[in-house]
Amino acid sequence: MTAPLALEGEGDDWRLHLSGDWSLAAMAPIEAQLRDLPRGLQGTLICDWTRAESPGIGPTWVLLMRLADLGTQHLDIHHTGDPPHYLPLLQKLKAQWHAARAAPEDSQSLERSVGILGRWAVLQGIEARAVVGFFGRIATVFGQAFSRPRALRPSSLTRHIYETGITAIPIVSLIAFLISVIVAYLGAQQLSRFGANIFVVDLVTISVLREMGVLLTAIIVAGRSGSAFAAEIGVMQLNEETDALRAMGMNPIELLVVPRVLALVISLPLLTVIADAMGLAGGGLLSLVNLHIPLPQFLHRLRESLSPTTFWSGLIKAPIFAILIGMVGTYRGMQVRDSSRELGRLTTVAVVQSIFLVILADALFAVLFVQIDF
């Protein structure tokens with residue numbers, strides 16, 4: 001069998017004869033002979049492809065990389081004798097590969113970082129545009145409801161109010177009661193050092209009515225209903241039920257999104273009121289058992305600690321939190337495509353983003369209320 005390659009000297013120049021089988025099947029003997037070629041060649045090296053049979057991409061790439069290792073910057077390489085048609089492409093790839101290796105690491109790191117930042121900025125812009133469009137479609141349905149009340153889907157709305165509101169009463173009540181007991185107990189431990197046990201009532205009343213009642217309720221609803229919205233609509237996306245609705249001339253936003261969002265806007269303030277009541281009941285129970293503050297005295301101090309805005313400052317936030325939770329849950333559900341893995345990922349994203357946006361909105365409300373002395 002003819003050797004795949006043979007190197008001959010022609011004065012100060014060199015000629016490399018490529019012969020025999022140069023397909024991928026002959027890769028092993030080609031690599032073995034390429035390793036035996038001498039280093040430090042100078043002048044001009046001519047690769048003669050006249051007798052090469054069936055040259056493959058793999059052997060050709062190995063040849064180019066080996067020739068780059070053999071020569072110095074003074075070696076000029078030419079290809080003659082009908083070289084493969086893809087040779088210019090491989091030469092370009094080889095040049096880019098060597099340029100990338102020769103580039104300073106700091107510049108590569110900076111370029112990579114800027115590229116990552118740029119891609120993130122573009123993706124966030126696309127995401128923001130999609131969210132605004134989604135909100136616009138919801139607003140359009142609400143606008144149509146003035147002339148066509150059935151667009152709000154009363155039967156579906158009633159069912160979602162039951163599922164997001166009434167069925168959530170036990171867990172919301174229990175969590176609000178226990179958290180208030182904990183706050184009252186810890187507050188009593190600190191205030192008893194100064195003989196100010198009665199101010200435990202103020203602590204429980206203000207913290208529950210202004211912050212904890214609505215915030216705890218929103219977080220529970222985000223984990224409970226937000227994930228359910230994303231999962232339900234996501235499964236419908238996987239089963240192409242939303243596409244079927246569009247094919248029948250129905251609007252999935254009207255049928256699937258608006259009833260869920262509106263149900264949360266109605267039920268979350270009511271759940272907040274229940275959480276406030278249970279939180280005050282927990283604080284009152286602990287004050288009676290641990291601090292021996294009788295109920296009439298607790299109620300009297302509760303009325304004194306209340307300001308005209310204490311209750312409303314918490315309740316006002318509930319519809320905003322409901323819109324955030326409902327929009328995130330339904331939006332992520334409508335994004336589900338292709339696989340159940342995507343469904344699980346977007347359901348998790350919906351819960352995390354809902355809780356984050358609720359806490360962020362609560363912080364903004366706190367700053368706003370301080371600025372306007374509400």
Do you know which two heavy atoms are closest between [X] and [Y], and how far apart they sit?
X	Y	answer
M212	V183	CE-CG2, 3.7 Å
P59	I30	CB-CD1, 3.9 Å
A222	I355	CB-CG1, 3.9 Å
G329	A350	CA-CB, 4.2 Å
T164	S267	OG1-OG, 3.3 Å
N197	A188	OD1-O, 4.1 Å

Candidate pair R15 and T80, rule side-chain contact (heavy atoms from CB on, under 4.5 Å), full reasoning: CA-CA 10 Å; R15 178 175 290 269; T80 62; 4.3 Å; yes

Give, for atom [atom1] of [X] and atom [atom2] of [Y], the distance between the pair rounded to the nearest 0.5 Å.
X	Y	atom1	atom2	answer
T347	E342	OG1	CD	10.0 Å
L255	M236	CG	CE	8.0 Å
L203	S305	CG	OG	10.0 Å
D48	H79	CG	NE2	11.5 Å
K94	L89	NZ	CG	12.5 Å
H17	E8	NE2	CD	3.5 Å

Side chain of [X], backbone of [Y]: donor and acceptor closer than 3.5 Å?
X	Y	result
N251	I253	yes
S313	T310	yes
R66	L34	yes

Under a 4.5 Å side-chain heavy-atom rule over Ile, Leu, Val, Met, Phe, Trp and Tyr, are [X] and [Y] clustered together?
X	Y	answer
I126	V132	no
I220	I323	no
V358	I266	no
V214	I316	yes
F298	F311	yes

[X] versus [Y]: any side-chain heavy-atom pair under 4.5 Å?
X	Y	result
L63	L18	yes
K317	E211	yes
V221	F321	no
I116	R112	yes
M250	E254	no

Whether F374 and F369 hold their rings parallel, tilted or perpendicular, with breakpoints at 30° and 60°: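 Ring orientation of F374 relative to F369: tilted.
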
Matching residue for L357 among L324, I320, I325 - test: side chain to side chain contact (heavy atoms under 4.5 Å, CB included):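 By the side chain to side chain contact (heavy atoms under 4.5 Å, CB included) criterion, L357 pairs with just one of L324, I320, I325: L324.
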
Name of the residue among M334, M327, Q335 meeting side chain to side chain contact (heavy atoms under 4.5 Å, CB included) with Y331: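 It is Q335, the one option of M334, M327, Q335 that forms the side chain to side chain contact (heavy atoms under 4.5 Å, CB included) with Y331.
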
Tell me which donor-acceptor pairs under 3.5 Å the side chains of residues 225-233 have, and how far apart each pair is, sequence neighbours excluded?
| unit_1 | atom_1 | unit_2 | atom_2 | d |
| --- | --- | --- | --- | --- |
| S227 | OG | G223 | O | 2.7 |
| S227 | OG | R224 | O | 3.3 |
| E232 | OE1 | R260 | NE | 3.3 |
| E232 | OE1 | R260 | NH2 | 2.7 |

For residues 270-297, run the donor-acceptor check on the side chains, cut-off 3.5 Å, and write out each pair with its distance to 0.1 Å, sequence neighbours left out.
| unit_1 | atom_1 | unit_2 | atom_2 | d |
| --- | --- | --- | --- | --- |
| T272 | OG1 | L268 | O | 2.8 |
| S287 | OG | G283 | O | 2.8 |

For [X], is the [atom1] atom crowded, meaning more than 12 foreign heavy atoms sit under 6.0 Å from it?
X	atom1	value
F199	CZ	no
F356	CZ	no
D243	CG	yes

Derivation and outcome, side-chain contact (heavy atoms from CB on, under 4.5 Å), residues T44 and H78: CA-CA 8 Å; T44 301; H78 298 282; 3.5 Å; yes

Check against side-chain contact (heavy atoms from CB on, under 4.5 Å), I77 and L64: CA-CA 10 Å; I77 301 175; L64 293 179; over 6 Å; no

